[in-house]
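Notes to accompany the following structure.
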Amino acid sequence: MLRFTATTEDLLHSRFALSPAFELCGLLRRLSGRDAALPADWAARLAPGFARLRGETHLDAVLALQVSTAGANFVAPPPRGLAQSWADDLAAIRSTPVAVARAEIDAVLRGRAGGDLGVRDPRVRELLESDGVVETVADALDRAWHELLAPDWPQLRAVCERDVVHRVGVIGERGWKEAVEGLQDGLAWQGQHLAVPLRRAYKDVSLAGQGLLLVPSVMVWPGVAAFHEEPWPKALIYRARGTASLWERAAPDPAALAALLGRSRARLLVELGAPASTSQLARSLVMAPGAVGDHLAVLLASGLLARTRSGRSVLYRRTALGDALVGGAAGP
C-alpha cells in the first residue's frame with residue numbers, strides 16, 4: 001500500500017495532465033504480454049508492426065525495463081499538463097541525466113523493481129549498461145510512437161480529455177475526496193492521506209506542497225499506477241472513463257442505425273454515451289469540426305441529444321430517446 005500525504009496546499013497545486021509516453025509504454029507492455037492483452041482487433045492490427053520493430057530497433061532494451069508492477073521511470077517521465085505532446089515527452093526522456101537512468105536501470109536489473117526480469121540476451125544487457133543507453137532508449141521509443149501509437153493518439157487523447165472534464169465537474173460539485181476516490185476502486189482518502197493499492201509499494205510519501213498529478217489513461221487497467229520516487233513529480237495514473245467504448249469502436253456501426261441517420265450521425269450518437277464537446281468528438285472520430293457541428297445540430301433538433309455548458313465548453317450527451325435508439329440498434 002502506498003500513501004500520499006496531502007495538505008491543503010497540495011490540493012491547491014494538484015492538477016490533471018496527459019502522458020503520451022505513459023500510454024506508449026502501456027501499449028508496449030500489452031503487446032509484449034507483460035500486462036493484460038489488448039482487445040483482439042487492436043492486437044491484430046498492431047502486432048505485426050510491433051514484431052518488426054523488435055527486429056529493426058533496440059526495442060527489446062526498452063521492453064526489459066517494462067514490467068507490469070514497476071520499472072524505470074525515465075522511459076515515461078511524469079507530464080507537465082494537459083497540453084503534453086510526444087515531442088515534450090521525448091525531450092524529457094533525452095534530457096534524463098545518465099546517473100538517474102543508470103540508478104533506475106540497475107534497480108531493475110537487480111530485481112528490486114518488478115522481480116527478476118531475466119535479461120539473458122547479452123546484447124540487451126550490454127545496451128542497458130552502456131553510457132549511451134538514454135539515447136538508445138529514446139530512439140527506440142520514438143520509432144514505436146510514430147509507427148504504433150501516433151495514428152490512434154487523437155482518439156486516445158479525446159477519451160482522456162473527456163475524462164478530465166468529468167472529474168473537474170465532480171471536484172466542483174462534491175469536492176476532492178469523492179473525485180479522487182471515484183478514480184478507481186480501492187483508493188481511499190483517510191484524513192490527510194490518500195491510500196493507493198499498489199502491490200509493491202509499502203511506504204508513506206509526502207507531496208511536500210507540490211501537489212499530485214492526476215493522469216487519465218486508456219492503458220492502465222486493471223488497477224492504477226503511480227510515480228512516488230525522487231526526483232520525479234508525484235503522480236497517480238488511473239483508467240479514463242470511456243476506455244471500453246474506445247476498444248469497442250473497431251466494431252462496425254449498427255446497420256439499421258446508420259441507415260436511419262446516416263453513418264456519421266450514427267457514429268456521433270453512439271459516441272455520446274458520455275458527454276463530449278464538438279472539438280473532442282472531432283478528434284475522437286477523426287472528423288472535421290464543422291461537419292461534427294452540423295450533425296450535432298440535426299441530432300439536437302431531433303431530440304436525440306441535449307447540451308449543457310461546462311466552463312467554456314458546450315457538452316453534448318444522448319437523451320433518453322437517443323439511448324433507446326442506440327440500444328435498439330445494438331440488438332439483444
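The shown structure was predicted, so the numbers you read here are calculated from the model rather than taken from an experiment.
A continuous path of hydrophobic side-chain contacts links Leu236 to Leu82 [ILVMFWY only; heavy atoms under 4.5 Å]. Leu300 and Leu315 fall into different hydrophobic clusters, where Ile, Leu, Val, Met, Phe, Trp and Tyr residues are linked whenever their side-chain heavy atoms come under 4.5 Å apart, directly or through other members. Val165 and Leu268 are not part of a single hydrophobic cluster, where members link through side-chain heavy atoms under 4.5 Å apart.
Summarising the geometry, atom NZ belonging to Lys177 is positioned 11.0 Å from atom CG belonging to Leu187; distances are rounded to the nearest 0.5 Å. Of the inter-residue distances, the one linking Leu272 atom CG with Arg267 atom CZ reads 12.0 Å to the nearest 0.5 angstrom. Atoms CE and CG, from Met219 and Leu156 in turn, are 5.5 Å apart once rounded to the nearest 0.5 Å.
Between Tyr238 and Phe16, the ring-plane angle classifies as perpendicular under the 30° and 60° cut-offs.
A salt bridge does not link Arg143 to Asp139: none of the charged nitrogens lies less than 4.0 Å from a carboxylate oxygen.
Here the closest heavy-atom approach between residue Ala83 and residue Asp88 is recorded as O-OD2, 3.9 Å. Nearest heavy-atom pair, Ala64 versus Leu128, reported as atom, atom and distance to 0.1 Å: CB-CD1, 3.9 Å.
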Step by step, would you call Glu181 with Arg174 a salt bridge (charged side-chain N to carboxylate O under 4.0 Å, His left out)?
CA-CA 11 Å; Glu181 289 185 339; Arg174 299 194 289 276; over 6 Å; no
Between Glu129 and Arg102, is a salt bridge (charged side-chain N to carboxylate O under 4.0 Å, His left out) present by the stated rule, with each step listed?
CA-CA 8 Å; Glu129 293 175 346; Arg102 171 65 52 226; over 6 Å; no
Arg167 vs Asp163, test: salt bridge (charged side-chain N to carboxylate O under 4.0 Å, His left out). Steps then yes/no.
CA-CA 6 Å; Arg167 307 294 178 185; Asp163 176 272; 3.0 Å; yes
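Screening residues 273-293 for salt bridge (Lys or Arg N to Asp or Glu O under 4.0 Å), with sequence neighbours left out, gives Glu161-Arg283. Residue pairs meeting the side-chain hydrogen bond (donor to acceptor under 3.5 Å, both in side chains) criterion with at least one member in residues 185-195, sequence neighbours excluded: Thr5-His193. Counting only residues at least two apart or on different chains, the salt bridge (Lys or Arg N to Asp or Glu O under 4.0 Å) pairs with a member in residues 206-233 are Glu230-Lys234.
A donor-acceptor contact closer than 3.5 angstrom links the side chains of Asp89 and Gln84. In this structure, a donor-acceptor pair under 3.5 Å is present between the side chains of Trp86 and Asp142.
A distance-only check finds no donor-acceptor pair linking the side chain of Asp152 to the backbone of Leu149 [under 3.5 Å].
In this structure, the side chains of Val220 and Asp35 stay at 4.5 Å or more apart for every pair of heavy atoms.
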